Engineer: 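Got a structure here, written out as structure tokens. Questions coming.
Keep in mind that what you see is a predicted model, and the values were worked out from it rather than measured.
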Amino acid sequence: MFKIEPKDKVNCKAMIANIDWSLDGRLVCACFKVENIVVVWNINSCEKVFEFDGLKHSFGNISKAIFYSLNPDYL
């Protein structure tokens, strides 16, 4: 389905800080705490739709991402 490469490859564990589903149930997002990445997957196609790497931007650490309640396409 999908693959996330944790920084600590010896233990092969990725710490998930937050998971959220879109209101229409077709998208799910996960925030990976140590990797500082937010990933969004389409449930129907099992494909990665969006990946945001916080290390490439000056936003600091990402600890939570949620879908906007009025539009399921906004995170």
Engineer: With a cutoff of under 4.5 Å between side-chain heavy atoms, which Ile, Leu, Val, Met, Phe, Trp and Tyr residues group with L23?
Structural biologist: none
Engineer: Apply salt bridge (charged side-chain N to carboxylate O under 4.0 Å, His left out) to D73 and list each qualifying residue two or more places apart in sequence or on a separate chain.
Structural biologist: R26
Engineer: Hey, are the side chains of V39 and F50 touching, using non-hydrogen atoms and a 4.5 Å cut-off?
Structural biologist: no
Engineer: Looking only at non-hydrogen atoms, find the nearest pair between A65 and C31 and report the distance.
Structural biologist: N-SG, 3.3 Å
Engineer: Check whether any side-chain heavy atom of I62 lies under 4.5 Å from a side-chain heavy atom of F52, and answer yes or no.
Structural biologist: yes
Engineer: At what distance, to the nearest 0.5 angstrom, does CD1 of I43 lie from CG of L27?
Structural biologist: 7.5 Å
Engineer: Enter the distance from D20:CG to I66:CD1 here, rounded to the nearest 0.5 Å.
Structural biologist: 6.5 Å
Engineer: Which ILVMFWY residues can you reach from L70 by hopping between side chains whose heavy atoms are under 4.5 Å apart?
Structural biologist: Y68, Y74
Engineer: Tell me, please, which residues at least two apart from K56 pass side-chain contact (heavy atoms from CB on, under 4.5 Å).
Structural biologist: D53
Engineer: Mind listing the closest non-hydrogen atom pair of K33 and A17 along with its distance?
Structural biologist: CB-CB, 4.0 Å
Engineer: Between W41 and A30, what is the shortest heavy-atom contact and its length?
Structural biologist: CZ3-CB, 3.8 Å
